[in-house]
Protein chains: 2
Amino acid sequence: MVADPRQTNDALETCITKGIHREIIRTVSRNMPDPVSIYELADLFKLFGDSTRLGILWALSESEMCVCDLCALLRMKQPAVSHQLKNLKQSRIVKSRRDGKIVYYSLDDDHIRRLLNLGMEHTQES
Amino acid sequence: MVADPRQTNDALETCITKGIHREIIRTVSRNMPDPVSIYELADLFKLFGDSTRLGILWALSESEMCVCDLCALLRMKQPAVSHQLKNLKQSRIVKSRRDGKIVYYSLDDDHIRRLLNLGMEHTQES
DNA sequence: ACTATATATTAATATATGTACATATGTACA
DNA sequence: TGTACATATGTACATATATTAATATATAGT
């Protein structure tokens, strides 16, 4: 929960020693995204922050796959996979297409793949 | 919780109709990162998946700031800020330096800034 | 229409996570 | 060394989130 950064007038008095870095606070405050954007971004990352979903996402970054394939690959129960796919689809991280009985899932756009790779770069480097 | 994708032999039998897309599963399975990497990556993204921390991170992407500054900017209680900074620091997302009584925090490396921007790009575009 | 299979949904429970409060630690300065 | 301030930590509580099992829906083929 983030307070609205556009109303920081009295917040500047929060510090006991009041005037510390007032200029920085004002400047940063002007450049902060609005709270709604922060929320939406947090919701995006939240979905990346679970190894189950991340496994699904990584798999889909390699190839379009059906639910059944994902179950086999990740050794998960089908309802669990469907459940996570639903979350991911609602946030437009993955998309699906149906071919008869089978529903194929894939990443919604290339940002997702780039986020995965960039994140992995960071965790692997140190 | 992700099962070890290197042991998918019998998992291939999970589907009732057994042989669906066996080749895809084998190929993707070979390209999956090991489970530990998936976990670490999930832990990274988990920390991005909260609007409180994301506010802190965005602020720090604009400028190095002390705890007190962050409290004022985000209108949060000091222990709450410190608590999140501790999490972020443990995962090497932020780093700190002390100057007398004051501890300054900043982003640990440029991957973090790029992840923030890339994520924001994705949420803003649709 | 009936059956089998692939996927989706629902509800219950367990677990993880953030928050708030009290308190502790560390640093500077008198 | 004693006081004030900046930051850190620990615990309890509330809430969010994942997981599971049971069940429902949708589609294809007979």
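Letters A, B, ... are given to chains in the order of the sequence lines, protein chains preceding strands, and every chain is numbered from 1.
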**Request:** Go through D/dT7, D/dA18, C/dA28 for me and flag the one nearest to the B/K101 side chain.
**Result:** C/dA28
**Prompt:** So, do B/L74 and A/M32 sit near enough that their side-chain heavy atoms are less than 4.5 Å apart?
**Reply:** yes
**Asked** To the nearest angstrom, how far is A/M65 atom CE from C/dA6 atom P?
**Response** 15 Å
**Asked** What residues, two or more places apart in sequence or in another chain, satisfy side chain to side chain donor-acceptor pair (under 3.5 Å) together with A/S96?
**Response** A/K89
**Asked** Taking OP1 and OP2 of D/dA21, is either one under 4.0 Å from a side-chain nitrogen or oxygen of A/K77?
**Response** yes
**Prompt:** Taking atom P of D/dT17 as reference, at what distance in whole Å does atom CZ of B/F45 sit?
**Reply:** 18 Å
**Message:** Suppose we screen for side chain to side chain donor-acceptor pair (under 3.5 Å). Which residues come up paired with B/N31, at least two apart in sequence or across chains?
**Reply:** A/E62
I'd like a list of close polar pairs between nucleotides 8-15 of chain D and the protein, N/O only, cut-off under 3.5 Å.
unit_1, atom_1, unit_2, atom_2, d
D/dA8, OP1, B/Y105, OH, 2.6
D/dA8, OP2, B/S82, OG, 3.0
D/dA8, OP2, B/Y105, OH, 3.4
D/dA8, N7, B/Q78, NE2, 2.8

**Request:** With sequence neighbours excluded, tell me which residues meet side chain to side chain contact (heavy atoms under 4.5 Å, CB included) with B/K86.
**Result:** B/Q90
**Request:** Tell me, please, which residues at least two apart from A/E40 pass side chain to side chain donor-acceptor pair (under 3.5 Å).
**Result:** none
**Request:** Please report the shortest heavy-atom distance between A/M65 and B/I25, naming the atom on each side.
**Result:** CE-CG1, 4.1 Å
**Request:** Using atom NE2 of B/H21 as one end and atom P of C/dT5 as the other, report the distance to the nearest whole Å.
**Result:** 17 Å
**Request:** Describe, as an angle rounded to 10 degrees, how the axis at the first end of the helix from C/dA1-D/dT30 to C/dA30-D/dT1 is tilted relative to the axis at the last end, five pairs per end.
**Result:** 30°
**Asked** Who passes salt bridge (Lys or Arg N to Asp or Glu O under 4.0 Å) against B/D43, sequence neighbours left out?
**Response** B/K46
**Prompt:** How many Å lie between CD1 on A/I102 and C1' on D/dT27, as a whole number?
**Reply:** 11 Å
**Message:** Enumerate the ring-ring contact (aromatic ring centres under 6.0 Å, His included) contacts for residues 49-108 of chain A, please, sequence neighbours excluded, ordered by first and then second residue.
**Reply:** A/Y104-B/H21
**Message:** From CG of A/D99 over to C1' of D/dT27, roughly how many Å is that when rounded to an integer?
**Reply:** 11 Å
**Request:** Quickly work out the A/L54 CG to D/dA18 C1' distance and round it to whole Å.
**Result:** 15 Å
**Prompt:** Can you list the residues that meet the side chain to side chain donor-acceptor pair (under 3.5 Å) rule with B/R113, with sequence neighbours excluded?
**Reply:** B/D110
